[in-house]
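Accompanying notes for the structure given below.
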Amino acid sequence: MSQQGSRSVSIIGLGPMGRAMVRALLAAGTEVTVWNRSSEKADEMVALGAKRAATVAEALDANKVIVLSLTHYAAMYEVLGQAVDRLPGKVIANLSSDSPVKAREGAAWVRSHGAEFLSGGFMSAGDNITHPASYVFYSGPRAVFEEHAELLRPLSPQEYLGEDDGVAQTFYQALLVTFHPWMLAFDQALAVIERSGHDIDQFLPYAQRFAEAYPFFMAEYSAAAKSGGWGDIAAFAMMDAGAQHIIDASDEVGVDATLSRVAQEWWRRARAASEEAGRPVSIFELMRSGAS
């Protein structure tokens, strides 16, 4: 049993992120015990120097700190439920993705079984946790985080957000709110370029250059959100027309413009709400209120 050592940890869940974490910890000289539902992924990690746990109980017994890398929090109950009698005295760092409420519920469940809990969210370039832009949000009791921060440091730079168990997932999911539509929009843009008979490689540097303006818009929108959000009726009309031009350009070359139609619907919704209210009603205001 290695839990007496200060440089040892157990990883439960060996998807792409779990395997990336094992590699990072091993590279830092940390002793790692692994468990995964299917043994093939564990075989790969054992070949790199990790220790294999045959059961969840063995993984919990091996170390004080247990890092979870699972699909969602529901999987935590299923996995740790196999050995809840081993939880007292452990520290569960759940770096799985889920909603803030589910993170808080998961934290309460873990603590009800005598263990400490930290919630985390990886902001990384896919599973490339060594990328310079990668970092990890953490939340939960500060004392627990500070006690184990050095052990977890090889996973990526750390951003501790506060005692609320759900805040790491709030920030994590909020950033993914922006990333998912960006992924779809960029695929649409590439499809328009390709179907128009142009070179994607020629387009790429312009897209990257265009993205350099995003921080400006982020700052502008953030400042505006604190006073109700950005926009006026003339701007909404302009964006509505602009969305139609994007739709036309996509339709002309046979590219699906569903995402642009959704954007246009939001501009039109803001126009209608503004006209009804007799004042600019921002999309931020509509989204914040859940208006449909």
Under a 3.5 Å distance rule, please check whether Asp164 uses its side chain to pair with a backbone N or O of Gly166 as donor and acceptor. yes
Regarding Thr130 and Asn128, is there a side-chain donor-to-acceptor distance under 3.5 Å anywhere? yes
Hey, what do you get for CG (Leu70) to CZ (Arg37), rounding to the nearest 0.5 Å? 8.0 Å
Is the number of heavy atoms from other residues, nucleotides or ligands within 6.0 Å of CZ (Phe171) greater than 12? no
Does the pair Arg111 and Asp165 meet the rule for a salt bridge (charged side-chain N to carboxylate O under 4.0 Å, His left out), with working shown? CA-CA 12 Å; Arg111 293 186 187 116; Asp165 295 306; 2.8 Å; yes
Which heavy atom in Leu26 sits nearest to a heavy atom in Ala50, and how many Å separate them? CD1-N, 4.0 Å
Look at the rings of Trp182 and Phe179 and say which category their plane angle falls in: under 30° parallel, 30 to 60° tilted, over 60° perpendicular. parallel
First locate atom CD1 of Ile193, then atom OH of Tyr206, and finally report the distance between them rounded to the nearest 0.5 Å. 11.0 Å
Among the clusters formed by ILVMFWY side chains lying less than 4.5 Å apart, do Ile233 and Leu286 turn up in the same one? no
If you measure from the Lys or Arg side-chain nitrogens to the Asp or Glu carboxylate oxygens, is any gap between Glu116 and Lys64 under 4.0 Å? no
Taking side chain as C-beta onward, heavy atoms only, is Val101 less than 4.5 Å from Glu105? yes
Check for a donor-acceptor pair, side chain of His245 on one end and backbone N or O of Asp248 on the other, with a separation under 3.5 Å. no
When hydrophobic residues are tied together by side-chain contacts of less than 4.5 Å, even through go-betweens, does Ile247 share a cluster with Leu184? no
Please determine whether side-chain contact (heavy atoms from CB on, under 4.5 Å) holds for the pair Leu60 and Leu87, giving the CA-CA distance in whole Å, both sets of side-chain angles, and the decisive distance to 0.1 Å. CA-CA 7 Å; Leu60 292 172; Leu87 284 175; 4.2 Å; yes
Assign the ring pair Trp230 / Trp267 to parallel, tilted or perpendicular, where the plane angle (0 to 90°) is split at 30° and 60°. perpendicular
Would you please say whether a donor-acceptor pair under 3.5 Å links the side chains of Ser139 and Gln169? no
Any donor-acceptor N or O pair under 3.5 Å, side chains Ser260, Gln188: yes
Scanning both residues in full, the closest heavy-atom pair of Ala103 with Tyr73 reads CA-CE2, 3.5 Å
The test is side-chain contact (heavy atoms from CB on, under 4.5 Å); show your working for Gln173 and Asp98 and say whether it passes. CA-CA 8 Å; Gln173 300 302 345; Asp98 218 314; 5.5 Å; no
Grouping I, L, V, M, F, W and Y whenever their side-chain heavy atoms are under 4.5 Å apart, do Val91 and Val67 come out in a common cluster? yes
Under 4.0 Å between a Lys/Arg side-chain N and an Asp/Glu carboxylate O for Glu147 and Arg142? no
Less than 4.0 Å between a side-chain N and a carboxylate O, is that true for Asp251 and Arg261? yes
Taken to the nearest 0.5 Å, the spacing of Arg19 CZ from Leu48 CG works out to 10.5 Å
Going through the checks in order, is the side-chain contact (heavy atoms from CB on, under 4.5 Å) test met by Asp127 and Phe122? CA-CA 9 Å; Asp127 60 354; Phe122 260 106; over 6 Å; no
Closest approach of Tyr160 to Gly140 (non-hydrogen atoms, all atoms of both residues): OH-O, 2.6 Å
Just how far is it from atom OG1 of Thr30 to atom CE of Met21, taken to the nearest 0.5 Å? 13.0 Å
Of Ile11, Leu155, Leu118, Leu152, the one forming a side-chain contact (heavy atoms from CB on, under 4.5 Å) with Leu95 is Leu155
Side-chain (Ser99) to main-chain (Lys102) donor-acceptor, under 3.5 angstrom: yes
Taking the side chain as every heavy atom from C-beta outward, state whether Arg7 and Glu31 have any pair of such atoms under 4.5 Å apart. no
One pair to check against side-chain contact (heavy atoms from CB on, under 4.5 Å): Thr170 and Phe137. What are the steps and the verdict? CA-CA 10 Å; Thr170 300; Phe137 287 130; over 6 Å; no
Would you say the ring centers of Phe216 and Tyr214 fall short of 6.0 Å from each other? no
Taking Met17 as the starting point, is it possible to reach Val34 by hopping between hydrophobic residues whose side chains are less than 4.5 Å apart? yes
Let me check something: do Val167 and Leu176 share a hydrophobic cluster, defined by ILVMFWY side-chain heavy atoms less than 4.5 Å apart, either directly or through other members? yes
Considering all heavy atoms, the nearest Tyr135-Ser156 contact: CA-CB, 3.8 Å
Side chains of Phe117 and Ser119, heavy atoms from C-beta outward: is any pair under 4.5 Å? yes
Nearest heavy-atom contact between Ser69 and Gly18 is OG-N, 3.3 Å
Test item: Ser222 side-chain N/O and Ala219 main-chain N/O as donor-acceptor pair under 3.5 Å: no
Would you find more than 12 non-hydrogen atoms of other residues, nucleotides or ligands less than 6.0 Å from Glu146 atom CD? yes
So does Lys51 pair up with Glu58, basic N to acidic O under 4.0 Å? no
Under a 4.0 Å threshold between the charged nitrogen and the carboxylate oxygen, would Arg279 count as salt-bridged to Asp232? no
So, do Leu190 and Phe186 sit near enough that their side-chain heavy atoms are less than 4.5 Å apart? yes
Validation row: Met45, Val32 side chains within 4.5 angstrom (heavy atoms): no
Once you round to the nearest 0.5 Å, how far does OG of Ser10 lie from NZ of Lys90? 7.5 Å
Minimum heavy-atom separation for His113 to Val84, with atom names? ND1-CB, 4.0 Å
Arg268 and Asp240 ion-paired at < 4.0 Å: yes
Atom CZ in Phe284, atom OG in Ser289: separation rounded to 0.5 Å? 10.0 Å
Would you call Met239 and Arg271 a side-chain contact if the rule is heavy atoms closer than 4.5 Å? no
